[in-house]
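These values consider heavy atoms only, across backbone and side chains, with no hydrogens, waters or symmetry-generated copies. Counting convention: from 1, in listed order, for ligands and their atoms alike.
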Amino acid sequence: MPLCKNDGLEMYKRMLRIRLFEEKAVQLFQEGSMPGRVFPCTGEEAVSAGVSMHLDDHDYITSTHRPNGHLIAKGISLKEMMAELFGKNEGSCAGKGGPMHIADIEKGILGANGIVGGGFPIAVGAAFAHHYKKQRGVAVCYFGDGATNQGTFHEALNLASIWSLPVIFVCENNSYGMSMKQEDHQRIADIVERAPAYRIPAEIVDGNDAAAVFEQAGKAVKKAREGEGPCFLECKTYRKTGHSAEDQQAYRPENELSQWQSKDPIQRLSRLLQEEEEVQSNELLMVEQEIKREIEEAVEFAYESASPQPGDALLHAFCR
Ligand SMILES: Cc1ncc(C[n+]2csc(CCOP(=O)(O)OP(=O)(O)O)c2C)c(N)n1
């Protein structure tokens, strides 16, 4: 499914929303206003934006410790998300999930996960539910290159394969697991090599090219919806910031970041929209201003929301 102007603009909005939301969250964290931690996905936004364009609220996603992009692209309210990062009552999990276990079940967001590889069994279970109930929904499982060394990865691919489940495994290969380069933690250059062992169709995608992700994800979601079983996408991308907001990144080789600078996914999509879809630069500027406003409102909402009281610890143990 090639990209049209409206889809391109919608993806641009989602990517910019992710980028600017995270920049604000990092700023609030670094100045000491926001508790918890922030794991930015700066530079990786095209992956979640391109995939989520094919999903609706009935489709599930599972996320990771780096969840902001996945959740914002899937449509979580920025206000509830910001309030959750602040641990406030009005947060999407009443402040009990925080940055690493934030969820929004009504939006099909089954949660971020502090356990690397923790999302695999949840995504397979969710896909099984759709399959068992004969629904057309799919489950998308996002994970990093580091997570593909976990046992849960192999168990999930195996079950999804033998039961032909509607799950799309989306590997965001951002070249690092914390401070460790991918080439230092596994012998393979392409993680897709692992999929044929489970007879799962797999593609390598340029994860910094939103149009390419959109196209490949569209095919994968369509196949899964039509009962053709799981798919695997390895989206090659690059994390432009530290592993977390406090990471000094001493491990990053000189020049590596600058080499990726020209491949920035948001700048790339902006160029494509202007050069091929006749989008005017002031239209993109207006989008940016609108998103900045949304984010300021989200911060205000978070500050104004009340903090949970000690007795609230006994609420929401099983449901919100
Ligand atoms: C089971 C488990 N082992 C180790 C960790 C510590 N840890 C947190 S993030 C991370 C790296 C994960 O790398 P990757 O899956 O590539 O995701 P990325 O951070 O690159 O998005 C590790 C090892 C953890 N949270 N859970």
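Of all non-hydrogen atoms in Phe169 and Pro230, the two that sit nearest each other are CE1-CB, 4.2 Å. The minimum heavy-atom distance between Ser63 and Ala112, with the atom names listed, is CB-CA, 3.9 Å.
Among protein heavy atoms, the minimum distance from atom 15 (O) of ligand 1 is reached at Ala147 N, 3.0 Å. Of all protein heavy atoms, the one closest to atom 20 (O) of ligand 1 is Tyr176 O, 2.7 Å. When hydrogens are left out, the protein atom nearest atom 1 (C) of ligand 1 is Gln150 NE2, 3.5 Å; that is the closest non-hydrogen contact. From the protein, the heavy atom lying nearest to atom 21 (O) of ligand 1 is Arg66 NE, 2.8 Å. Atom 13 (O) of ligand 1 has as its closest protein heavy atom Gly177 CA, 3.4 Å.
Of the possible polar contacts, none joining the Asn173 side chain to the Asp145 backbone as a donor-acceptor pair under 3.5 Å is found.
Proximity annotation for atom 18 (P) of ligand 1: of Met178, His243, His65, Arg239, His65 comes nearest, heavy atoms only. By heavy-atom distance, the residue among Thr64, Val116, Thr237 lying nearest atom 5 (C) of ligand 1 is Val116.
Using a non-hydrogen distance threshold of 4.0 Å, Gly114 registers as a contact of ligand 1.
With hydrogens and angles left out, the side-chain atoms of Asn174 and Thr237 include no donor and acceptor closer than 3.5 Å. In this structure, a donor-acceptor pair under 3.5 Å is absent between the side chains of Thr152 and Gln150. Looking at Gln182 and Gln186, their side chains do bring a donor and an acceptor atom within 3.5 Å of each other.
Within the 4.0 Å heavy-atom criterion, neither part of Phe143 lies near ligand 1. Both the backbone and the side chain of Asp145 come within 4.0 Å of ligand 1, judged by heavy-atom distances.
Considering both main-chain and side-chain atoms, Gly146 comes within under 3.5 Å of ligand 1 through a nitrogen or oxygen pair.
Near Asn174, with a cut-off below 4.0 Å to any heavy atom, the atoms of ligand 1 are 18 (P), 20 (O), 21 (O).
Aromatic ring centres of Tyr198 and Phe232 lie farther apart than the 6.0 Å criterion allows.
Counted within 6.0 Å of CD on Glu277, heavy atoms from surrounding residues, nucleotides or ligands total more than 12; the atom is thus considered enclosed.
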